Amino acid sequence: MNVSTRPGHGQAAPAHTAEPPGSGPDRHRAATIVMACLGVFVAYLPVTTVSVSLPAIQSALGASTAQLSWVSDAFVLPMAALILTAGVFGDVHGRKKVFQAGLAFCAAGATIALCAQSVQVLWIGQAVAGLGAAALLPTTLALISHAVPDFRERGKFIGIWATCLLLSLAVAPLIAGALLDHVAWRWIYLLPIPVSLLAMAFAARLLTDSRAPGSRRLDWPGQCTAALAITAAVYGVIEGGAKSFTDVTVLLALFTAVVAGVAFVFVERRSESPMLDLTLFRSPAFAATTLVAMISFLALIGFFFVLSLYFGMVQQLDTLGAGWRLLMVTAAAIVAGQPVGRLMHKVSARVLITGGLLVVAASLFSLTTLDADTSFLSAAWRLALMGLGLGAVITPMTATAVSSVPHHLAGMAAAGNNAFRQVGGALGPAVLGALLTTRAVNALPGHLADAGVTGATRDRVVAAANADGLGAVAHLDLGADTGRALTALGQSFLDGMQLCLLVSGTLTLVAAGVAAVLLRKPKATA
């Protein structure tokens, strides 16, 4: 079935005239696209805002590295676990309602985090905001797919959507840096509150509601097994890095993740109204982009988590200084995204995605030479190179996933692609945080000895790192040995970061290989 043709309408008419009343006129379509872009902007604000603020949060709340991982994952985890459910809610009850609910959760989560006095309350605020992002991501793409049923034209608007996503990632660190120069870390959560509330007001007036054709129903067995599998996997990885992967609770969590994952596949194959129709994976383009999204986001989100700690713990930069460096990635991605959107009809998605991932991998490997004295310019060109590669990947990856399935499954395809992307994003800080901590703590005794810190002082530093993470060492008062201990800590951190960069680069190469082998040019049929 041609995705630009809707049942019950003549095929001679243009695609946009076949839409239900309210979504066809240009003014309603424009309003829908603007609101979708604003929604994804709000959804992604907490990602880099929090990333560059992690050192300040760690210092203020005395959080360990594992607890910091949960600050990031408390947001990403519910987003990954509930994206598919949110997509179904939108298809069944109306995407406008789910869109507004997502904005309300974003505002509520930011309010809780703004008032947090402990890391545990911060987790709650992050989790509530993650629920909002879970509602916004599939809904915004489904709204665009509904407003622009012609998949050829839709790619251009998905490019604008991706640009707004990147713009949110770009401006958030600068906002956080400017705020943290004058006020406490919690005020980084202020901006999402008025933006979300204003977007809700505009959406109530401007946005036209839509539903998926047919009789979809909520798939509670699928939702429960998916949420359990994702939560157990992330918990097992984070706690395995903090404790040991032979710990009984860690092994039980990982075993639960495997069992729940198998149960999810079993349930979805037999469901009359599956949350994720597994036949979507019969489309090579959808299967390839989904797998690429998960692998690449595991590598990249994990890398950004480690990089933000490097800026704070090793280079001793303030939040604004870290924000300017991260801006190199997102600004370059935005610059690359616009020409890539125009090239999508001339160059195959396989070439764009594979080439972009190879550029990202090259950037990651080049960053392995970073040290405590690396200058802004030396780091900036490598981060900009990463952004150029990333800009070549995001738009064609998202557009291919949505366009490679029948039009009535576009919302489910968008939700599925986003869900696997966020699973990778949730596992990224967990996996690379565990690698960072393990490698750095193991290297710390040797670097302390090289720095001249020995005896009881060395044992005290190592014990603090084993018990409470690397950040605890920075707060120890060691008298004359404090400077030498901090130097050793920085060198140990660099050892751990180098391992993380090698792993991230290798994973990105794997994603490029998957794209090169499996990806096919999207067609209008499915």
Side-chain angles (χ1 to χ4, degrees), residues 76-77 79-81 83-84 87 137-138 141 158 162 165 222 225-226 229-230 233-234 237 257-258 260-262 264-265 268-269 274-303 344 348-361 364 389-405 409-432 503-523 526:
V76 178
L77 191 55
M79 183 162 49
I83 275 181
L84 289 169
L137 287 178
L141 277 174
I158 290 179
L165 185 158
T225 51
I230 294 169
V234 174
V237 173
V258 172
V262 173
F264 173 77
V265 173
E268 295 302 277
R269 291 185 62 181
M275 180 174 65
L276 178 64
D277 190 341
L278 298 182
T279 60
L280 289 176
F281 290 93
R282 294 177 184 173
S283 164
F286 178 80
T289 52
T290 299
L291 188 56
V292 166
M294 184 172 68
I295 297 172
S296 58
F297 267 66
L298 190 159
L300 290 174
I301 300 300
F303 161 72
M344 284 174 56
S348 72
R350 177 197 290 182
V351 172
L352 290 173
I353 295 173
T354 304
L357 289 171
L358 289 175
V359 171
V360 172
L364 287 166
L390 193 59
V393 171
I394 291 180
T395 298
M397 182 171 64
T398 305
T400 301
V402 174
S403 301
S404 62
V405 302
L409 293 176
M412 182 185 291
N417 187 265
N418 271 305
F420 280 92
R421 183 185 304 175
Q422 299 308 326
V423 168
L427 288 172
V431 172
L432 295 189
V503 171
S504 293
T506 303
L507 287 172
T508 307
L509 286 179
V510 170
V514 170
V517 172
L518 298 181
L519 197 59
R520 296 292 182 268
K521 187 175 181 179
K523 299 179 181 179

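Note that the numbering runs from 1 along the sequence shown for the chain. Nothing here was measured: the structure is a model prediction, and the numbers come from that model.
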Q. What is the minimum heavy-atom distance between A516 and R350, and which atoms define it?
A. O-NE, 3.5 Å
Q) What distance separates I230 CD1 from F420 CZ, expressed to the nearest 0.5 Å? A) 8.0 Å
Q. Under 4.5 Å between any side-chain heavy atoms of V360 and F303, yes or no?
A. no
Q. Can you find a heavy atom in the side chain of F281 that is under 4.5 Å from one in the side chain of L291?
A. no
Q. Which pair of heavy atoms, one from P396 and one from L352, lies closest together, and at what distance?
A. CG-CB, 4.2 Å
**Q.** Heavy-atom closest contact (A233 atom, A257 atom, distance)
**A.** N-CB, 3.6 Å
Q: Could you check if a side-chain atom of L509 sits within less than 4.5 angstrom of a side-chain atom of L358, using non-hydrogen atoms only?
A: yes
Q | Nearest heavy-atom neighbours spanning L280 and F286 | A | O-CD2, 3.5 Å
Q: To the nearest 0.5 angstrom, please state how far the CD1 atom of I295 sits from the OG1 atom of T290.
A: 11.0 Å
**Q.** Atom of L432, atom of S504 and distance for their closest heavy-atom approach
**A.** CD1-OG, 3.2 Å
Q: To the nearest 0.5 angstrom, please state how far the CZ atom of R421 sits from the CG atom of L137.
A: 8.0 Å
Q: Could you tell me which non-hydrogen atom of L507 sits nearest to which non-hydrogen atom of A299, and how far apart they are?
A: CB-CB, 4.0 Å
Q | Polar side-chain atom of T354 near backbone of V351 as donor-acceptor pair, under 3.5 Å | A | no
**Q.** Residue pair L518 / P284, side-chain heavy-atom distance below 4.5 Å
**A.** no
Q.
Could you check whether any side-chain heavy atom of S296 comes within less than 4.5 Å of a side-chain heavy atom of L357, counting everything from C-beta outward?
A. yes
Q. For the atom pair CG (L364) and OG1 (T506), what is the distance rounded to the nearest 0.5 Å?
A. 9.5 Å
